[in-house]
Structure formats: C-alpha cells, structure tokens
Visitor: 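Please find one structure pasted underneath; my questions will follow.
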Amino acid sequence: MKLAVVGSTGEVGRMIIRILEEKSVRPEGVDFYASAKSAGSKLTFAGKEYEVKELTAGAMKRGYDYLLFSAGGAVSREFAPLAAEAGSVVIDNSSAFRMDEDIPLVVPEINGDLLKGYRKGIVANPNCSTIQMVLGLSKIHELFGIRSIVVSTYQSVSGAGRGGMDELEEQMRGSTEAKKFGKQIHLNVIPKIGTLLDNGFTDEEMKMVNETRKIFRDPDISVWPTTVRVPVLYSHSEAVFAETRKPFTLAGLADALRGSESVVYSEDLVTPQDGAGTDTVFVSRLRAFDDTRFLCWNVADNIRVGAATNAVRILLKHRELN
Ligand SMILES: NC(=O)c1ccc[n+]([C@@H]2O[C@H](COP(=O)([O-])OP(=O)(O)OC[C@H]3O[C@@H](n4cnc5c(N)ncnc54)[C@H](OP(=O)(O)O)[C@@H]3O)[C@@H](O)[C@H]2O)c1
C-alpha cells in the first residue's frame, strides 16, 4: 500500500499519523505533505524519520492507494480531485465535498457499506460534532426512529486547529488578543462557531443539520443545533435532546447504547478530560420524563473520534470491503 497524509503537520494530521501507528498500518510507501512553510521539517512514523514535503499538483499524480487530507477546504478543493483522477482514494477531513451527492459521507460504524465497490474518488469525513452525535444516536435511531434532535455543543479549542489552542494558551498567560474566536475564549464561552448565515444559524450548525440527515439516510430528521466554543483543550461535549417516533423505555435506550459500536454508556459523570485521548464516544446522564423524548450528555475526543480515528477507520473499512 502507498499512502500519503496531506496537512501532516497539523493537529489532525499528526493524530492521523499516531493512529496509523496504533492500528499497525504499515504502508510500503508513505509521504507526508504540508505547505511550503513546513516543508523540510521532520516527522516520525513507525520509528523512522521522514521529511515533510511541499504539496504540489505533481505529487498528487504519484498513484497513492490512499491519501488522507486534513489541510482545510481550499487545499482539498484544489488537490483532492487531482489525486482522485489519478486513481487514489482520498479521505477528506474538510467540509469541501461532504454534501456532494456523488461523494459518500462516512462513519464506518453506521454507513461503512457505502465503501464497498468504491474504488476511485473522494470519501468525505463528517464534521467532528456530527460524528460523535450520530455515533451516540445511531442504534437508538435504528430501534426507535429519531424524529428530531435539539443539541447544544461545548466544543474545545483544538477544533480550530493548532491556532485555536495557541490562542487559549496565550490568553491564559495574559494576552487579551482575540484572533480565531472573535471574543476572548479564556474564562468565557462563545455561542457561535463558524460563519453566521442568512437564516441565523452558523455554517457549523448547518453541518450538523445536513450531515446527520445524509449519514442516517433520513431527510426528515429535524436537527436544532447551537454550537458553542468553550475553553477546553481536547474533546467536544454535547447536551442532546431527542424525540423518537416509537416509544422507548430508559432500559431499552441504555441497552441500545451498550450495543453501539465505538460507544460506551456510562452511569457515571463523563467530562471532556475523560474522553480526551480515547477512541470512544461516551454517553451519560441519560434521562426522560416520558417515553418518546430523552436527554443525554455525549463526550468524545474531537481530534481522534471527530477526525483522525474516523478517517483511519474509513481507510481500514475500505481495505476490508474491496
Ligand atoms: N481540529 C478538529 O477538531 C477537526 C475536526 C474535523 C475536521 N477538521 C478539519 O481538518 C482540517 C485540518 O484541521 P487542523 O485542526 O489539523 O488544522 P491545523 O492544526 O491548523 O493544521 C493545518 C494543516 O494544513 C496544512 N496546510 C495549510 N495550508 C496548506 C497548503 N496551502 N498546502 C498544504 N498544506 C497546508 C498545514 O501545514 P503547515 O504546517 O505547513 O502550515 C497543517 O499541516 C481542516 O479542514 C479542519 O476543518 C478538524
């Protein structure tokens, strides 16, 4: 297998490299790309040192089996189609292609079947907040049919990449400069992630609306998100309220969660610090007043579950099915 990571020096890219190591993926050939700024710097993979290369159009024609992209939407839009045309499977972490009808948007535990026979082209990795929410709700949706979801997110600063973490750390040391988040994030919460759209929602919120429908293959689910940035380094949390079409019991919901792949149902309190560094979605604080509506608290590491782990799981599932 020939493999490349694009955006290899970023938060997600570095984690992709670690997860490839952890899952014992050992390609015969591997290249690491970033912008001209990081070209020439060194990365270690499986005990060997590699020089980071500058991303070029020519490099995309080298015939990789898999390219894992995490360098932002503009880079994906320019370079991913070149690699796909050259016959590579591109697993893209940006939002560039997620809603394209012809491009599968995959959480392998839920709709990995879409990868069977998909030999050439781009596979989109969903938004981090969407991945952890749909993983926590998928089995419940299968059994009880989810009609609507109201969700408030508590998203860590690493969701905005290395720059987001630097900003919180600088403010913790006394800086008052607000660059990435518009307002000070240290000792604060900011109820707006992404760009405000004409309908009053942000683009981050609309990702949760549209991607959930696409992944669940159910255009009728209504999703009502509020996305909020919090001064946490790793792991997003979500307060989820869901309404089902069929009646449930709380024991039935707990059983569904216990039977969900990559999910742990906990009766203990689970905080972002507990989720950080794991490949698990933790669902806790499950409760209800009646038998068609419930609340829960969902925590997962946004860089792992919400990006790098899902991307590597797509790669492994694609290899298994083809
Ligand atoms: N952070 C998350 O929780 C998360 C979750 C899901 C998806 N994503 C998505 O993953 C992508 C990367 O996010 P991140 O958090 O890893 O950001 P990041 O820490 O800022 O890293 C960005 C990476 O992209 C590279 N890059 C930037 N411009 C480039 C160019 N013109 N050509 C080649 N490489 C370029 C950077 O290389 P240099 O070192 O050379 O600058 C770096 O390796 C984004 O699309 C983001 O939306 C992030």
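One-based numbering, in listed order, for ligands and for the atoms of each. Sequence positions, counted from 1, serve as the residue numbers for this chain.
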Visitor: Looking at S158, which atoms of ligand 1 are within less than 4.0 Å of one of its heavy atoms?
Guide: 1 (N), 2 (C), 3 (O)

Visitor: How close does the nearest protein non-hydrogen atom get to atom 9 (C) of ligand 1, and which residue and atom is it?
Guide: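 Minimum-distance protein heavy atom for atom 9 (C) of ligand 1 reads N93 O, 3.6 Å.
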
Visitor: Among all protein heavy atoms, pick the one closest to atom 17 (O) of ligand 1 and tell me residue, atom and distance.
Guide: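 Protein heavy atom at minimum distance: G161 CA, 3.8 Å.
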
Visitor: How far is atom 30 (C) of ligand 1 from the closest protein heavy atom, and which atom is that?
Guide: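 Here the nearest protein heavy atom works out to V75 CG2, 3.5 Å.
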
Visitor: Using 4.0 Å as the upper bound for N to carboxylate O, is an ion pair formed by K317 and E320?
Guide: yes

Visitor: Which one of G10, S38, A96 has a non-hydrogen atom at the shortest distance from atom 39 (O) of ligand 1?
Guide: S38

Visitor: Please report whether ligand 1 has a polar contact with G13, defined as an N or O pair separated by less than 3.5 Å (distance criterion only).
Guide: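 By distance alone, the answer is no.
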
Visitor: Taking N127's backbone N and O only, do any of them form a donor-acceptor pair with E211's side chain (distance below 3.5 Å, no angle check)?
Guide: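 Yes, E211 side chain to N127 backbone: donor-acceptor pair under 3.5 Å.
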
Visitor: Please classify the L55 to ligand 1 contact at 4.0 Å (heavy-atom distances, strictly less than): side chain, backbone, both or neither.
Guide: side chain

Visitor: Looking only at protein heavy atoms, identify the closest one to atom 4 (C) of ligand 1 and say how far it is in Å.
Guide: V12 CG2, 3.7 Å

Visitor: Quick one: which ligand 1 atoms are inside 4.0 Å of a heavy atom on S94?
Guide: 45 (O)

Visitor: If you take the nearest heavy atom of each of V6, V5, T9, which one is closest to atom 43 (O) of ligand 1?
Guide: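 Among V6, V5, T9, the closest heavy atom to atom 43 (O) of ligand 1 comes from T9.
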
Visitor: Which residue holds the protein heavy atom closest to atom 12 (C) of ligand 1, what is that atom called, and what is the gap in Å?
Guide: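 Nearest protein contact, heavy atoms only, for atom 12 (C) of ligand 1 is S70 O, 3.2 Å.
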
Visitor: Using heavy-atom distances only, which candidate in G163, S35, A34 approaches atom 29 (C) of ligand 1 most closely?
Guide: S35

Visitor: Hey, do the aromatic rings of F241 and F294 have their centres closer than 6.0 Å?
Guide: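 Here the rings of F294 and F241 have centres that are no less than 6.0 Å from each other.
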
Visitor: Within ligand 1, which atoms have a heavy atom of G306 less than 4.0 Å away?
Guide: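 Counting from 1, the qualifying ligand atoms are 5 (C), 6 (C).
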
Visitor: Is it the side chain (CB and beyond), the backbone, both or neither of A74 that lies under 4.0 Å from ligand 1, heavy atoms counted?
Guide: neither

Visitor: Can you name the one residue among H318, K2, R319 that meets side chain to side chain donor-acceptor pair (under 3.5 Å) with Y66?
Guide: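 So, applying the side chain to side chain donor-acceptor pair (under 3.5 Å) to Y66 and each of H318, K2, R319, only H318 qualifies.
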
Visitor: State whether the side chain of R245 and the backbone N or O of I146 hold a donor-acceptor pair below 3.5 Å, judged by distance alone.
Guide: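 Side chain of R245 to backbone of I146, a donor-acceptor pair under 3.5 Å: yes, one is there.
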
Visitor: Can you tell whether the side chains of D218 and R213 come within less than 4.0 Å, N to carboxylate O?
Guide: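 Looking at R213 together with D218, the answer is no, because their closest N to O distance does not fall below 4.0 Å.
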
Visitor: Hey, is E21 close enough to R18 for a salt bridge, meaning N to O under 4.0 Å?
Guide: no

Visitor: At under 4.0 Å between heavy atoms, is it the side chain or the backbone of S8 that contacts ligand 1, or both, or neither?
Guide: backbone

Visitor: Give the other cluster members for L269, using side-chain heavy-atom distances under 4.5 Å between Ile, Leu, Val, Met, Phe, Trp and Tyr residues; answer none if it is isolated.
Guide: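 So far as hydrophobic clustering goes, L269 is joined with none.
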
Visitor: To which protein heavy atom is atom 27 (C) of ligand 1 closest, and what is the distance rounded to 0.1 Å?
Guide: A71 O, 4.1 Å

Visitor: What is the closest protein heavy atom to atom 19 (O) of ligand 1, and at what distance does it sit?
Guide: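 Ranked first by proximity to atom 19 (O) of ligand 1 is E11 N, 3.0 Å.
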
Visitor: Yes or no, since that's all I need: does a protein heavy atom fall within a distance strictly under 4.0 Å of atom 24 (O) of ligand 1?
Guide: yes

Visitor: Is it true that D255 and R258 make a salt bridge, defined as a side-chain N closer than 4.0 Å to a carboxylate O?
Guide: yes

Visitor: Show me which atoms of ligand 1 lie under 4.0 Å from any heavy atom of I303.
Guide: 1 (N), 2 (C), 3 (O)

Visitor: Does atom 35 (C) of ligand 1 have a protein non-hydrogen atom under 4.0 Å from it?
Guide: yes

Visitor: What protein heavy atom sits nearest atom 5 (C) of ligand 1, and how far off is it?
Guide: A307 CB, 3.6 Å

Visitor: Side chain to side chain contact (heavy atoms under 4.5 Å, CB included) between Q171 and T176: does it pass, once the steps are laid out?
Guide: CA-CA 6 Å; Q171 290 176 359; T176 52; over 6 Å; no

Visitor: Does E22 CD have over 12 foreign heavy atoms under 6.0 Å away?
Guide: yes

Visitor: Salt-bridge test for E204 and K192: reply yes if a basic N is under 4.0 Å from a carboxylate O, no otherwise.
Guide: no

Visitor: Are K214 and E101 ion-paired here, with the side-chain N under 4.0 Å from a carboxylate O?
Guide: no

Visitor: Mark up the atoms of ligand 1 that fall under 4.0 Å of a heavy atom belonging to G72, in ascending order.
Guide: 11 (C), 44 (C), 45 (O)

Visitor: Would you call V157 and I185 a side-chain contact if the rule is heavy atoms closer than 4.5 Å?
Guide: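 Yes, close enough: below the 4.5 Å cut-off.
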
Visitor: Numbering the atoms of ligand 1 from 1, which are under 4.0 Å from a heavy atom of K37?
Guide: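 Matching atoms, with element in brackets: 41 (O).
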
Visitor: Just which atoms of ligand 1 are under 4.0 Å from any heavy atom in G159?
Guide: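 Every atom of ligand 1 under 4.0 Å from some heavy atom of G159: 1 (N), 2 (C), 3 (O).
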
Visitor: Does any N or O of ligand 1 fall below 3.5 Å from an N or O anywhere on A160, backbone included?
Guide: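 No, no N or O pair falls under 3.5 Å.
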
Visitor: Using 4.0 Å as the upper bound for N to carboxylate O, is an ion pair formed by R162 and E11?
Guide: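 Answer for the salt bridge query: yes.
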
